[in-house]
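Chain naming here is simple, since letters A, B, ... match the order of the sequence lines and numbering starts at 1 in each.
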There are 2 protein chains.
Amino acid sequence: MATQTAAARRAEARRKYNAYVAECPTRQLLDTISDKWVSLTIAALAASPRRYGELGRAIAGVTQKMLTQTLRALERDGLVARTVTADVPVQVEYRLTPLGASLLPLMEALTDWAESHMDEVLQARREHATAAEAAAADALA
Amino acid sequence: MATQTAAARRAEARRKYNAYVAECPTRQLLDTISDKWVSLTIAALAASPRRYGELGRAIAGVTQKMLTQTLRALERDGLVARTVTADVPVQVEYRLTPLGASLLPLMEALTDWAESHMDEVLQARREHATAAEAAAADALA
DNA sequence: CGGTATCCTTGCCGATACTG
DNA sequence: CAGTATCGGCAAGGATACCG
């Protein structure tokens, strides 16, 4: 076929999008802090450094796998620093780097928005649910 | 067995976490705006209202399914309003509500952080990769 | 104590086809 | 033009077991 199909055009667009995402800083940041374990971990480290086991207990419901995976990612990105003391038993401490700490104001801004506007969102959801019910009733009649 | 196993305790913690998430506004907000299509859609609607097809073309790589799904979610949460004109052909316009527009400063803050600090993150990644290589070389030797 | 390795399920999302 | 319905692949992540 001489011209591209719609599917081919979409696929092309998607590849371009993926390439774009790969170098878009904002997208990467969003992908990073949006991870539920990432945000909880940063919050858990906000006040003071913590040991691995402490974090595991402080962050409700996290598995060892996800905790380790999250900490490794944060360390790799320079947001968290890892310190090992060669004692027996081994002690491993994690703390926010200055770069990691610079994210705290952003998290706070998100928290502020959520706390001041989330009731509006919930209200919208209730109204939407009611409207949907009414529409369903109409459809039946 | 009289006492809980470690697995049972973790499962319990996870259920508590899920319950917590279900009513934690910040978590819900983060889950919402972290979605890649959500942030792109809000950005696409920032300047002016748009029609469905326009959005599909403006947002690179989005499928009909994800676009519809995203718009429905945003509408449900009161962040986006949907207006249908009964013309032929049908026209459907989407625009940010004031609530949705109030998210724009947050998105901007994220963008600002990303643009000013992302090079540090990338630098940290490069150093980490180098350190990992050195460690691997040590292990071989 | 602080992890790593493995299996296996779940649910997200893209592709495709069809409708008012 | 603006959707809805259905299927299937694939990767994220939870459970479990084991190691230095």
- prompt: Got a donor-acceptor contact below 3.5 angstrom from the Thr97(A) side chain to the Gly78(A) backbone?
  reply: yes
message: Rounding to an integer number of Å, can you tell me how far Asp87(B) CG sits from dG20(C) C1'?
response: 16 Å
statement: Among dG3(C), dG2(C), dA2(D), the one nearest any side-chain atom of Arg82(A) is dG3(C)
- line: Separation between CD (Gln69(A)) and CG (Leu71(A)), nearest 0.5 Å, reads 10.5 Å
- prompt: OH of Tyr52(B) versus P of dG20(C): gap in Å, rounded?
  reply: 17 Å
field: Residue mapping more 5' on DNA chain C - nearest nucleotide basis, Asp35(B) or Pro89(A)
entry: Pro89(A)
Distance in angstrom units between Lys65(A) NZ and dA11(D) C1', rounded: 10 Å
message: Taking 4.0 Å as the cut-off, does a side-chain nitrogen or oxygen of Thr63(A) come that near to OP1 or OP2 on dG14(D)?
response: yes
- prompt: Between dT4(D), dC13(C), dG3(C), which one does the side chain of Met66(B) approach most closely?
  reply: dC13(C)
- prompt: Nearest-Å distance, CH2 (Trp37(A)) to P (dG13(D))?
  reply: 9 Å
- prompt: Taking atom types as modelled and ignoring hydrogens, do the side chains of Arg126(A) and Gln123(A) form a donor-acceptor contact shorter than 3.5 angstrom?
  reply: yes
- line: To the nearest angstrom, the CZ-P distance between Arg57(A) and dC1(C) comes to 7 Å
- prompt: In a check of side-chain contact (heavy atoms from CB on, under 4.5 Å) between Val38(A) and each of Leu103(A), Val80(A), Leu74(A), which one passes?
  reply: Leu74(A)
- request: Compare the minimum distances between each of dG2(C), dG14(C), dG3(C) and the side chain of Lys36(B), then state the nucleotide with the smallest one.
  value: dG14(C)
query: Can you check the Glu93(A) CD to dC1(C) P distance for me, whole Å?
result: 16 Å
Options dG3(D), dC1(D), dG2(C), nucleotide nearest the side-chain atoms of Arg51(B): dC1(D)
field: Nearest listed nucleotide, side chain of Gln69(B), among dG14(C), dG3(C), dC13(C)
entry: dC13(C)
message: Without decimals, in angstroms, what is the distance between Gln64(B) CD and dA5(D) P?
response: 13 Å
task: Find the distance Leu71(B):CG to dA2(D):P and express it as a whole number of Å.
output: 11 Å
message: Tell me whether Asp77(A) is salt-bridged to Arg125(B), with the criterion being a basic N under 4.0 Å from an acidic carboxylate O.
response: yes
